[in-house]
Amino acid sequence: ARLWKLLTFVVALPGVGVCMLNCYLKAGHDHERPEFVPYAHLRIRTKPFPWGDGNKTLFHNPHVNALPTGYED
Amino acid sequence: MAHQAHSYHMVDPSPWPISGAAAALLTTSGLIMWFHHSSSQLLTLGLLSMILVMLQWWRDIVREGTFQGHHTPTVQKGLRYGMILFITSEAFFFLGFFWAFFHSSLAPTPELGGQWPPMGIKPLNPLEVPLLNTAILLASGVTVTWAHHSITESNRKQAIQALTLTILLGFYFTALQAMEYYEAPFSIADGVYGSTFFVATGFHGLHVIIGSSFLSVCLLRLIKFHFTSDHHFGFEAAAWYWHFVDVIWLFLYMTIYWWGS
């Protein structure tokens with residue numbers, strides 16, 4: 001168990017820490033939202049979703065997810 | 001008092017198998033009612049009964065093994081085979097979704113702009129949160145191994161510490177993935193890219209939640225002295241499942257997140 005405890009605190013958790021730092025440093029830039037292009041192969045609505053108004057996906061984020069007709073905001 | 005002349009476990013009659021089947025029927029028909037008739041009562045009933053059956057069936061297995069001594073080495077061997085076969089079946093389940101991903105991404109159709117990722121899709125940067133998630137799951141593999149060694153060496157304090165750390169890492173992964181799902185500029189409705197991405201990673205996330213729950217139950221049992229240093233198969237099964245979940249993530253990361261960007 002001593003080996004694995006050592007590996008946990010010397011390799012595994014610091015590795016997670018480094019990746020956390022990396023994400024924190026890279027997350028600065030505010031998302032430049034791509035221009036809306038009404039591609040036919042995206043934002044497919046063959047059938048309404050069984051929730052809400054049927055037009056938004058489960059993890060819909062109005063800031064970054066456009067509806068088939070464009071961004072809501 | 002009757003004694004058995006063999007080392008197998010002849011299980012007492014139980015209502016859980018048929019109740020589980022009923023729960024499965026309620027859930028599947030409930031899904032149909034929800035999708036096609038905008039009604040969620042049957043589905044709710046189905047999911048509720050499924051959870052109740054799981055809790056009570058597994059509670060009975062813990063009683064039979066830990067408190068009544070029915071889990072002889074022979075029985076344990078059978079349980080090991082069972083868990084290995086189950087995990088193998090899950091591997092095949094994910095294989096299907098990887099097949100679907102490669103089918104669509106190796107020869108992208110003209111409708112997608114003849115490219116992968118498709119026209120208009122901005123994939124997630126694999127070196128940001130996905131890399132962190134990889135580190136988290138790998139770290140949790142180390143901590144669960146630490147927990148296992150602590151159990152076999154009868155080190156209660158370290159076993160509890162290590163298993164708790166494993167579970168916390170699992171929760172951290174789930175929280176990060178949920179955030180990624182919300183922040184992603186593409187959705188499940190974005191053609192075959194969205195379908196393959198969210199179905200594969202979504203089922204993986206579900207398995208992380210299942211694995212974290214399994215480990216949490218093990219932590220509870222560990223604290224309540226259910227495990228001995230040489231008989232703790234429930235923990236081993238959870239650890240195997242957890243390693244499997246980690247391996248699936250590594251494949252997801254290398255194929256969908258990295259190669260697929």
Side-chain angles (χ1 to χ4, degrees), chain A residues 1-68 70-71, chain B residues 31 34-38 40 109 111-113 118-122 125 127-129 131-136 138-153 155 158-159 161-162 165 169 172 176 178 180-195 198 202:
Chain A
R2 239 183 44 231
L3 166 67
W4 293 97
K5 182 174 179 179
L6 198 71
L7 282 172
T8 298
F9 290 110
V10 171
V11 178
L13 293 182
V16 170
V18 160
C19 290
M20 281 170 76
L21 183 67
N22 176 48
C23 282
Y24 178 73
L25 294 173
K26 285 203 176 150
H29 65 88
D30 207 11
H31 301 248
E32 348 75 30
R33 176 164 97 177
E35 193 194 305
F36 175 71
V37 178
Y39 288 118
H41 66 282
L42 298 180
R43 295 168 278 268
I44 294 177
R45 297 289 189 273
T46 313
K47 183 192 165 100
F49 291 106
W51 52 75
D53 65 359
N55 201 23
K56 303 192 176 85
T57 64
L58 198 59
F59 289 84
H60 179 73
N61 180 345
H63 183 67
V64 292
N65 300 132
L67 296 179
Y71 290 108
Chain B
L31 271 173
W34 188 47
F35 286 151
H36 297 280
H37 303 287
S38 329
S40 59
T109 62
E111 287 87 347
L112 305 175
M119 201 76 197
I121 294 274
K122 188 168 140 242
N125 185 344
L127 299 174
E128 289 179 16
V129 174
L131 183 63
L132 172 56
N133 274 343
T134 306
I136 289 167
L138 288 172
S140 70
V142 173
T143 54
V144 81
T145 309
W146 173 23
H148 193 189
H149 283 254
S150 303
I151 290 173
T152 52
E153 292 165 22
N155 191 331
Q158 279 192 31
Q161 254 178 41
L165 203 46
L169 287 166
Y172 189 25
L176 283 170
E180 282 280 272
Y181 270 27
Y182 183 68
E183 300 288 330
F186 54 87
S187 77
I188 198 173
D190 284 329
V192 76
Y193 183 90
S195 299
F198 284 103

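Chain naming here is simple, since letters A, B, ... match the order of the sequence lines and numbering starts at 1 in each.
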Colleague: In Å, rounded to the nearest 0.5 Å, how long is the span from SG of A:C19 to CD1 of B:I136?
Modeller: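 Between A:C19 SG and B:I136 CD1, I get 8.5 Å after rounding to 0.5 Å.
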
Colleague: For chain B, which of A:I44, A:L3, A:L58 has the most heavy-atom pairs under 4.5 Å?
Modeller: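 Among the listed options, the one with the most contacts to chain B is A:I44.
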
Colleague: Do B:S187 and A:H60 make a side-chain contact, defined as non-hydrogen atoms from C-beta onward lying under 4.5 Å apart?
Modeller: no

Colleague: Quick one: does A:F49's side chain get under 4.5 Å of B:F35's, heavy atoms only?
Modeller: no

Colleague: Please work out whether the ring planes of A:F59 and B:Y181 are parallel, tilted or perpendicular, with thresholds of 30° and 60°.
Modeller: perpendicular

Colleague: Pair A:R43, B:D190 - check side-chain contact (heavy atoms from CB on, under 4.5 Å), show working.
Modeller: CA-CA 5 Å; A:R43 295 168 278 268; B:D190 284 329; 3.5 Å; yes

Colleague: Please confirm whether the backbone N or O of A:A1 pairs with a side-chain atom of B:E153, one donor and one acceptor, at under 3.5 Å?
Modeller: yes

Colleague: Among A:H41, A:R2, A:E35, which has the most heavy-atom pairs under 4.5 Å with chain B?
Modeller: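 Max contact count across the listed options: A:H41.
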
Colleague: Search all heavy atoms of B:W146 against all heavy atoms of A:T8 and return the closest pair with its distance.
Modeller: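 What the structure gives for the nearest pair is CE3-OG1, 3.7 Å.
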
Colleague: What part of B:S38 lies closer than 4.5 angstrom to a heavy atom of chain A: side chain, backbone, both or neither?
Modeller: neither

Colleague: According to salt bridge (charged side-chain N to carboxylate O under 4.0 Å, His left out), does anything in residues 53-62 of chain A pair up with another residue at least two apart or in another chain? List the pairs.
Modeller: A:D53-A:K56, A:K56-A:E72

Colleague: Which atoms of B:L131 are under 4.5 Å from chain A, going by heavy atoms: the side chain, the backbone, both sets, or neither?
Modeller: both

Colleague: Report yes if the side chains of A:L7 and B:T145 come closer than 4.5 Å at any heavy-atom pair, otherwise no.
Modeller: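 No, side chains not in contact.
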
Colleague: For A:M20 and B:Y172: C-alpha separation, side-chain torsions, deciding distance, then whether side-chain contact (heavy atoms from CB on, under 4.5 Å) applies.
Modeller: CA-CA 11 Å; A:M20 281 170 76; B:Y172 189 25; 3.3 Å; yes

Colleague: Pick one of side chain, backbone, both or neither for B:A184, based on which atoms fall under 4.5 Å of a heavy atom in chain A.
Modeller: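 Contact with chain A: backbone only.
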
Colleague: Would you indicate whether A:R45, at its atom CZ, is surrounded by more than 12 heavy atoms from other residues, nucleotides or ligands within a distance under 6.0 Å?
Modeller: yes

Colleague: Highest number of heavy-atom pairs under 4.5 Å with chain A: which of B:T109, B:L112, B:T152, B:L176?
Modeller: B:L112

Colleague: If every non-hydrogen atom of A:Y39 is compared with every non-hydrogen atom of B:G120, which pair is closest and at what distance?
Modeller: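 So the minimum-distance heavy-atom pair works out to CE1-CA, 3.7 Å.
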
Colleague: Check whether A:T57 gets within reach of chain B through its side chain, its backbone, both or neither, counting any heavy atom under 4.5 Å.
Modeller: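 The side chain, not the backbone.
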
Colleague: When B:L132 is tested against each of A:V18, A:V16, A:L21 for side-chain contact (heavy atoms from CB on, under 4.5 Å), which residue passes?
Modeller: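 Among A:V18, A:V16, A:L21, the one that satisfies the side-chain contact (heavy atoms from CB on, under 4.5 Å) with B:L132 is A:V16.
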
Colleague: Checking B:L127 against chain A: side chain, backbone, both or neither under 4.5 Å from a heavy atom?
Modeller: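 Contact with chain A is through both the backbone and side chain of B:L127.
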
Colleague: Please test B:V142 against A:V11 for side-chain contact (heavy atoms from CB on, under 4.5 Å), starting from the C-alpha separation and ending with a verdict.
Modeller: CA-CA 9 Å; B:V142 173; A:V11 178; over 6 Å; no

Colleague: At a 4.5 Å cut-off on heavy atoms, which part of B:F198 comes close to chain A: side chain, backbone, both, or neither?
Modeller: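 No part of B:F198 comes within 4.5 Å of chain A.
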
